[in-house]
Every structure is written in C-alpha cells, then in structure tokens.
Amino acid sequence: MSSPGRPEKVNRFKGKSGAECEDFIQNIREAAWKEGKLDDTRWMAHFASLHYSGKALKWHSDLPLDVRQDWFKQEKALLERWPPPADESDNEEADAAVIPAPAAVSLLSTQAGKSSEIGTIQFVPTSGDGESMYISKPDSAGKLGKLSAGDGTGLSIRGLAS
C-alpha cells in the first residue's frame, strides 16, 4: 500500500485508444483497491481526474459535474467515448451467449405437405439504442445467421458459430 495521502502513481490517460482506456480504468481500480477506496466513487473520480491529459483532459473538462464526481458514471462515459477494442474471441463468446432458449415462434418449411422446423426467431434487447431482431437458421456447415435492425438504418447479417 502507498503511504497515506500519496496513492500509487497511474499513467496519464491521453485518450488515444480503447485499449489505453481499459488500462486506465484497471489502473484506477487497482490504485483504489490498494488504498481501501474501491467503494468510494468520489475518491476514485477525483484520483482519476489527476491523470487525464491531452484529448482526454479536454473531454473530462466538458463532462457534467455529477459525472466528474462519480467514478461509476465517469467509467461508463469513458467506455462510451473510447470503447474497448473488438476481440474476435470475445465476439464469438458474446454472440454464443446471446442465443437464448428457442422461442415460441418457429420458422417452418412446408415441402410436399410436411412441415419441419428450420430456424428460430428471437428479439434481443440492445444496450439502450433500440431493439434488434434476431433470426437464426443453421446453414449446411451448422453455423447460425444473425439478422439485426437495431438502429433503424438497415439490416446486417453475419455468421455465428453454432
């Protein structure tokens, strides 16, 4: 633990990338933990404010006062401004986790009077910026397709691991 009144030194956050932002957040959390201040969001926010520079300092200065004084709000604002870098393995795990139990509504194929289930429709809530429609059907390789319309500007389709 650092001496009282002199918390551990944290590298300045310049606002260059999402990876730098992630490191900064982890460093602030670690310093707070070492000081026994992990539950003190005001202390963490003020401590973090000492370590902004460049674009990040300008950004921080423009935040509303309630965000500048609450680390949880500040952390959320940081991640919205500098999102973490996309990691392909994280996306596959997240996409796999999104696939819930089969819905009550199924897509059916009728061929020669027979019907069989060929896919499932799901509505998946997004993080506050609209709703996405989820539709899946295994292809010949067993991969699932994802169709979403979250922002109202169009649809995008991408394959998911089954």
Side-chain angles (χ1 to χ4, degrees), residues 1-105 120-136 144-161:
M1 182 185 288
S2 302
S3 60
R6 297 195 65 180
E8 180 175 314
K9 182 73 176 155
V10 171
N11 289 334
R12 295 206 178 276
F13 176 59
K14 298 175 183 174
K16 291 183 177 181
S17 70
E20 181 196 21
C21 182
E22 277 188 329
D23 290 343
F24 178 69
I25 289 170
Q26 291 295 359
N27 290 334
I28 296 297
R29 289 177 179 178
E30 186 175 331
W33 180 78
K34 288 179 179 179
E35 293 296 316
K37 302 281 190 179
L38 201 53
D39 292 326
D40 189 343
T41 63
R42 190 171 173 90
W43 183 92
M44 291 175 75
H46 289 299
F47 179 69
S49 74
L50 302 172
H51 298 90
Y52 290 110
S53 67
K55 288 188 283 186
L57 179 60
K58 167 73 171 104
W59 169 84
H60 181 264
S61 297
D62 290 337
L63 289 173
L65 184 60
D66 68 307
V67 176
R68 289 196 320 257
Q69 294 180 344
D70 184 323
W71 174 249
F72 293 149
K73 291 178 183 179
Q74 199 172 129
E75 185 177 297
K76 184 176 191 294
L78 278 162
L79 291 171
E80 286 173 359
R81 173 62 181 86
W82 291 280
D87 181 15
E88 194 61 37
S89 63
D90 287 347
N91 288 339
E92 289 175 8
E93 290 172 10
D95 287 342
V98 167
I99 301 172
V105 178
T120 306
I121 296 174
Q122 294 289 330
F123 291 98
V124 180
T126 60
S127 60
D129 48 275
E131 291 185 355
S132 291
M133 178 176 26
Y134 183 86
I135 183 168
S136 64
L144 300 176
K146 179 178 181 182
L147 175 69
S148 63
D151 62 0
T153 61
L155 300 175
S156 63
I157 301 173
R158 59 184 187 153
L160 301 174

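Because only heavy atoms are used, hydrogens play no part in the values below, and waters and symmetry mates are left out as well, while side chains stay in.
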**Note, Ile28 side chain near Phe13 side chain (heavy atom, < 4.5 Å)** = no
**Message:** Keeping Asp70 on the side-chain end and Asp66 on the backbone end, is there a donor-acceptor pair under 3.5 Å?
**Reply:** no
**Prompt:** If only atom types and distance count, is the side chain of Arg12 paired as donor or acceptor with the main-chain N or O of Leu50 below 3.5 Å?
**Reply:** yes
**Item:** salt bridge (Lys or Arg N to Asp or Glu O under 4.0 Å) against Arg29, all qualifying residues, sequence neighbours excluded
**Value:** Glu75
**Asked** Which distance, rounded to the nearest 0.5 Å, do you find between the CG of Leu65 and the CZ of Arg68?
**Response** 5.0 Å
**Prompt:** For the residue pair Phe24 and Trp82, is the inter-centroid distance of their aromatic rings smaller than 6.0 Å?
**Reply:** no
**Message:** Within the supplied structure, the quantity of interest is the number of heavy atoms (other residues, nucleotides, ligands) at a distance under 6.0 Å from Asn11 CG; does it exceed 12?
**Reply:** no
**Prompt:** When rounded to the nearest 0.5 angstrom, what distance separates CZ in Phe47 from CG in Asn27?
**Reply:** 9.0 Å
**Asked** How close do Pro85 and Gly18 get, heavy atom to heavy atom, and via which atoms?
**Response** CD-C, 3.8 Å
**Asked** For residues 51-60, which residue pairs qualify under salt bridge (charged side-chain N to carboxylate O under 4.0 Å, His left out), counting only residues two or more places apart or in two chains?
**Response** Lys58-Asp62
**CD-CD1 distance between Glu30 and Ile25, expressed to the nearest 0.5 angstrom** = 14.0 Å
**Message:** Please check this pair: side chain of Gln74 against backbone of Gln69, looking for a donor-acceptor N/O pair closer than 3.5 Å.
**Reply:** no
**Asked** Which residues satisfy the side chain to side chain contact (heavy atoms under 4.5 Å, CB included) test with Pro84, sequence neighbours excluded?
**Response** Glu22, Leu79
**Item:** Contact check, side chains of Trp59 and Leu78, non-hydrogen atoms, under 4.5 Å
**Value:** yes
**Message:** For a 4.5 angstrom cut-off between non-hydrogen side-chain atoms, does Glu35 reach Trp43?
**Reply:** yes
